[in-house]
Amino acid sequence: MERRRTGAAGAAGWGRGPGGRGSRRLAGLALLGTVLVLLVLGSAAPASAHAALRSSDPGAGSVVGTAPRHITLTFTESVGLLDDSFRVYSPDNHRVELGEPQHADGASDTARAALPAGLADGTYTVAWRVVSADSHPVSGAFTFSLGAPSPTPPPAPADHAEHPVTKSLYDTGRFLAYIAAALLIGTAAFTALCRPPDTAPLRLPLLTGWWTLLIATSVLLVLRAPYENGTSPTTALDLRAFTGTLTGRPGLALLTRLALLLLTAAVLLPLARRGGPRARLATGVTVSVALALTWAAAEHASAGIQVPAAMTSSVLHLLATACWLGGLAALLLTLYRAKTPPPPDTVARFSRLAFLSVTVLVVTGLYQSWRGLGSWPALTGSAYGRTLTAKLAAAVFLLAAAGLSRRWTTLLVTRASVPVDARVPELVAAPGGAGPEGPVGASGGAGFEGPVGASGGTGAEGPVREPVRDEPDAPGTPPPPTAHHYRRALRRSVLAEVMVAVVVLLITTVLTGTLPARAEAEAAEAPRPQVAGLPGAEAFTIPYDVGTPEGRGTVQIQMDPGRVGENGLQAVVFGPRDALTFVPELRISFSLAAKDIGPIDAGVTDRGGYWATSDLTLPLEGTWTMRLTIRVSDLDQVTETRQVEITR
């Protein structure tokens, strides 16, 4: 009887000694660290849009002889329109009244607004903002001139850039929604498919996942209008703007996700409980697929090439990610918190589920990588490719940890199948052996740390019998591994797997906000906008790179007339995706080494979207050295040089 009480204590109180408290403390710190890292990255990670401007009519920097009837933009994928998608400013810096934004000829990858009649000659500034198919807003600005460029172009209008608080809150909500979906779907899959005997520890992740996803979705829905319009979170109270978001695809997807969560909790789960295990499984599969579709329908898979295949791949990828990573979290909680530790059969079932999930992830991941990259050089030559490479490297570590877990699972199952020596007539137990570090059999057959007996029992079959050897081991020979040893190793490898999985998921969230290399290449192939100027002017395109992902691009410079005497100079800066960009400082100077003249500062000033000067005087002909310094931030700048031939 005393031995039974010792075994029961091991079952109910495993790990309550110093080792167990340390393990729980380590798991808690890891979980807290994960949440903190997630929140920091959620507020700091970039959220570049997936739609890139392919062309415009009138063209950026162009000079047209007759007034255009419309402004038309063409993008690399479908876009959504806002009430304020276009703002056009006249040469005297007054806003031009436009028609309602619409898609040109019904093409979803275009945006068009009608211009009024009677436009005056001069330079017009166009600021635009649309919503990419992956739900990110994208904006930009350019100029065109009617008749001839204005002597003094108007300053650029206030930018459509995202409000920093709104952007931070929205990005954090998106990341939390991903984590919550993985936790909710993965825990439900683990419970239904792996059938752990003690499901009490899994109620917390199920409820946490459901509530977190519900709250995150509600916040995203409320913030959708300010996020699209680049305004403060306080504008979410504007009922007209809020109802307007419900007509767009991202808003409808969020509303559908919210309705699914409420319907599941209020109707589907109570009905499934009355129908038994099969009904619960069918309900879980249906709800999981429907939730995954709310992401696929509002993100990049819903636009571009091969949309049906891309959406199917996206749904399978998200479900496989949830089953693997969310299931890992459920397994970890079961290993650490369950009063009745999971039998080897449960662990083996999850091992098979994880293997299937990894197979699906590899297949769908390869397809999505091909769809996003478009070419092998883009793997190292684009921000999307480099982020994808980082994800693949982290995935290799994750697969290594998963392989180690699978090895310990195999050994644990093998150990459980070894029959107990029938010649042993009695139990072997050490007094007070309930601690996790006790000798073989010390924790009792019912304890989590105790060895698994012939029936694979974890307490229900009574104490575990250990065989007694006829002859003692040789001095110095270590004792053979037991199920206790394999369980401890499995817990550690699963914990490592979960921690690496969090890193993979964080990189994935950054990847979803990075412009795909295929779209970047399509935008680069489009005719590049040229700086407005007079015929016969000298034009230069100078690349720059300060060594940061967003710190490279080109500067287009035009000199008019590019001869001895007084010259005008205009410079337009383009970012890494050939989009018009704004830099805090641009300096241009000229030197003529042969005559020891210079440097002569061109004195360019920011004219609102481009830099210009009208009084650059070069006194002699010859080969001048143009020195161009671009500062893209408080700390990052680069200087480039170019030889310029000046004639009479």
Side-chain angles (χ1 to χ4, degrees), residues 24 27-39 42 172-222 254-277 279-292 294-295 318-319 321-342 346 350 353 494-495 498-499 501-502 505:
R24 289 197 299 273
L29 289 175
L31 205 59
L32 177 61
T34 297
V35 173
L36 291 177
V37 170
L38 176 64
L39 290 176
T172 301
R174 287 183 68 244
F175 298 155
L176 287 177
Y178 277 121
I179 295 292
L183 190 62
L184 177 63
I185 297 174
T187 303
F190 179 82
T191 304
L193 301 177
C194 302
R195 301 191 295 276
D198 184 7
T199 59
L202 302 180
R203 295 181 61 186
L204 178 62
L206 278 173
L207 291 175
T208 301
W210 187 87
W211 276 108
T212 303
L213 186 56
L214 181 73
I215 294 172
T217 303
S218 302
V219 171
L220 291 174
L221 189 60
V222 171
L254 290 171
L255 188 62
T256 301
R257 189 184 308 162
L258 191 64
L260 273 173
L261 291 170
L262 295 174
L263 182 65
T264 300
V267 179
L268 297 182
L269 283 184
L271 290 176
R273 289 194 188 99
R274 301 190 192 103
R280 286 195 293 271
L281 180 60
T283 301
V285 171
T286 303
V287 172
S288 298
V289 172
L291 285 175
T294 63
W295 269 277
L318 179 58
L319 292 178
T321 301
C323 288
W324 186 17
L325 305 188
L328 272 177
L331 176 62
L332 187 65
L333 282 172
T334 303
L335 289 171
Y336 274 90
R337 298 293 185 185
K339 294 181 179 179
T340 302
T346 296
F350 177 73
L353 175 63
V494 170
L495 178 59
V498 169
M499 296 176 70
V502 170
L505 196 57

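As the structure is a computational prediction, the values presented were derived from the model and not from experiment.
- Taking both residues in full, the closest heavy atoms of Ala180 and Gly209 are given as CB-O, 3.5 Å, listed atom of the first, atom of the second, then distance.
- For the atom pair SG of Cys323 and CG of Leu328, the computed distance is 11.0 Å after rounding to the nearest 0.5 Å.
- A pairwise comparison of heavy atoms in Leu333 and Pro205 identifies CD1-CG, 3.6 Å as the closest pair.
- For Arg174 and Trp295, the positive end is not near the middle of the six-membered ring at less than 6.0 Å and at most 45° from its axis.
- Residues Leu221 and Arg257 form no side-chain contact, since every pair of their non-hydrogen atoms from C-beta on lies 4.5 Å or further apart.
- The heavy-atom pair separating Ala290 from Leu260 by the smallest distance is CB-CD1, 3.5 Å.
- The CG atom of Leu206 sits 11.5 Å away from atom CZ of Phe190, with the distance rounded to the nearest 0.5 Å.
- Distance check: Thr187 OG1 to Leu204 CG gives 9.5 Å after rounding to the nearest 0.5 Å.
- Side-chain contact between Ser288 and Val285: absent, with no pair of heavy atoms (C-beta onward) separated by less than 4.5 Å.
- Tested against Leu184, the residues Leu261, Thr264, Thr212 include a single side chain to side chain contact (heavy atoms under 4.5 Å, CB included) partner, Leu261.
- Rounded to the nearest 0.5 angstrom, Ile215 CD1 and Trp210 CH2 are separated by 9.0 Å.
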Take Thr334 and Leu202 through the side chain to side chain contact (heavy atoms under 4.5 Å, CB included) test and state the conclusion after the steps. CA-CA 7 Å; Thr334 303; Leu202 302 180; 3.6 Å; yes
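- In this structure, Gly173 and Ala216 approach most closely via the heavy-atom pair O-CB, 3.8 Å.
- Counting heavy atoms from C-beta on, the side chains of Leu281 and Leu193 come closer than 4.5 Å.
- For the atom pair Leu213 CG and Thr208 OG1, the distance stands at 12.0 Å (nearest 0.5 Å).
- Note that the CG atom of Leu332 and the OH atom of Tyr336 stand 6.0 Å from one another [nearest 0.5 Å].
- Taking both residues in full, the closest heavy atoms of Pro270 and Ala265 are given as CD-O, 3.8 Å, listed atom of the first, atom of the second, then distance.
- Considering only heavy atoms from C-beta on, Leu262 comes within 4.5 Å of Leu214 through its side chain.
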